[in-house]
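A quick write-up on the structure given underneath.
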Amino acid sequence: MARSPPEVVKLAVPLLFGPLINWGLYGVLCVQIYVYSYNFPDDKRTAKFLAYFAFLLETVQTALTAADVYYWFIEGFGDMEHLKDSHFAPIDIPLIHAIISLVVQQYFCYRIWTLNRRSPWFCIVIAVLSVVQSIGGLWGGIKSLVVGKYAVSKSALYLWSIPSALADILIAVAMTLLLRRMRDNNGHFSNYVLVRVVRLVVETNALTASVAIASFVLYVAFPNEIYYTLTAGIIGKL
């Protein structure tokens, strides 16, 4: 049996497995949004709007990845030029994920500010990092969309991945410290609840930061390949 050329494998692996992981995480997200809507029907309208808006963007992103897979592996089966064409990838990876990260990080920034208004500089740092990462994602996505290839510049990827990872790390640290302070100042605040909340915040932001760093490392280690799209395509789902 003839083997696939190495060039085909290098292109096809991230373009196929990235969407597969993405679709699996979308199923998890559907369960999460259902649990949220069922358990918090009286949540503030702003929080509901942001949650459903992020879910809508993720739904659009998932549909676009399906269109990409159809274009690359069904319509363009056996055609290398189809694999080399980024199609909708500049929209569903850097553009949409940069917007989702901006929305989520700014919301966390607001929550940190409401919990501790004595240190606004911390929130300012997170807000600036969040805006910078969104600029990097939009810049890289628009450039790749115009060119029609996987042409994300090194500067754009740096601006997208590094500030995003730093913002997530700072959010995890800030929320952990603030929730522990709430426990110390409020005797009725359950240790069990605290541990659950802290674990959820730290795990979520640590995972997102790790994936952003992984995308950066893959791009630096393999600058002529598109391996970074495997991890970059799932950041928004985390």
Side-chain angles (χ1 to χ4, degrees), residues 1-29 57-101 133-134 136-165 168 206-238:
M1 181 181 295
R3 294 184 176 182
S4 301
E7 185 179 3
V8 174
V9 175
K10 291 179 180 180
L11 285 172
V13 168
L15 296 182
L16 179 59
F17 283 95
L20 290 177
I21 298 173
N22 192 299
W23 297 337
L25 292 174
Y26 180 73
V28 176
L29 183 62
L57 287 179
E58 286 294 355
T59 302
V60 172
Q61 192 267 349
T62 304
L64 289 176
T65 59
D68 285 335
V69 171
Y70 176 85
Y71 177 79
W72 291 324
F73 298 104
I74 299 178
E75 180 182 330
F77 181 77
D79 187 350
M80 279 294 297
E81 294 305 314
H82 271 68
L83 289 179
K84 293 179 180 179
D85 187 347
S86 58
H87 202 233
F88 292 134
I91 300 175
D92 57 56
I93 295 181
L95 284 174
I96 292 181
H97 282 170
I99 296 173
I100 293 173
S101 296
Q133 71 82 23
S134 66
L138 293 173
W139 175 19
I142 292 173
K143 180 180 178 181
S144 182
L145 190 63
V146 171
V147 175
K149 302 292 182 181
Y150 306 96
V152 177
S153 68
K154 184 181 294 186
S155 300
L157 190 70
Y158 287 179
L159 284 177
W160 179 30
S161 58
I162 297 178
S164 180
D168 288 327
L207 182 60
T208 306
S210 299
V211 173
I213 294 172
S215 300
F216 171 76
V217 171
L218 287 172
Y219 183 84
V220 173
F222 306 98
N224 298 320
E225 309 296 341
I226 60 170
Y227 296 143
Y228 68 93
T229 61
L230 178 63
T231 51
I234 64 174
I235 290 177
K237 297 292 191 300
L238 304 176

Nearest 0.5 angstrom please: [X] [atom1] to [Y] [atom2], how far?
{"X": "Leu16", "Y": "Leu11", "atom1": "CG", "atom2": "CG", "result": "12.5 Å"}
{"X": "Leu20", "Y": "Leu15", "atom1": "CG", "atom2": "CG", "result": "11.0 Å"}
{"X": "Thr208", "Y": "Asp168", "atom1": "OG1", "atom2": "CG", "result": "5.0 Å"}
{"X": "Ile234", "Y": "Trp23", "atom1": "CD1", "atom2": "CH2", "result": "14.0 Å"}
{"X": "Leu218", "Y": "Thr231", "atom1": "CG", "atom2": "OG1", "result": "5.0 Å"}
{"X": "Ser144", "Y": "Ile91", "atom1": "OG", "atom2": "CD1", "result": "10.0 Å"}

Notebook entry, point to check: Quick check: does any side chain N or O of Gln133 sit under 3.5 Å from a backbone N or O of Ala98, one acting as donor and the other as acceptor?
Noted result: yes

Checklist line | Main-chain N/O of Leu157 paired to Ser161 side chain as donor or acceptor, under 3.5 Å | finding: yes

Notebook entry, point to check: Do the ring planes of Tyr228 and Tyr219 sit parallel (below 30°), tilted (30 to 60°) or perpendicular (above 60°)?
Noted result: perpendicular

Notebook entry, point to check: If we only count heavy atoms from C-beta on, is the Phe88 to Thr65 side-chain gap below 4.5 Å?
Noted result: no

Note to self: Does any part of the side chain of Leu25, heavy atoms only, come nearer than 4.5 Å to the side chain of Glu58, both counted from C-beta?
What the structure shows: no

Taking all atoms of both residues into account, what is the closest heavy-atom pair of [X] and [Y], and its distance?
{"X": "Ser215", "Y": "Ala232", "value": "OG-N, 3.2 Å"}
{"X": "Pro19", "Y": "Pro14", "value": "CD-O, 3.9 Å"}
{"X": "Pro94", "Y": "Gly141", "value": "CG-CA, 3.5 Å"}

Item checked: Identified side chain to side chain contact (heavy atoms under 4.5 Å, CB included) counterpart of Leu57 within the set Leu95, Ile100, Asp92, Thr62 -> Ile100

Check: Going through the distances and angles, do Leu230 and Ile21 end up as a side chain to side chain contact (heavy atoms under 4.5 Å, CB included)?
Finding: CA-CA 9 Å; Leu230 178 63; Ile21 298 173; 4.3 Å; yes

Notebook entry, point to check: Where do Trp160 and His97 land on the side chain to side chain contact (heavy atoms under 4.5 Å, CB included) test, with the steps shown first?
Noted result: CA-CA 10 Å; Trp160 179 30; His97 282 170; 4.2 Å; yes

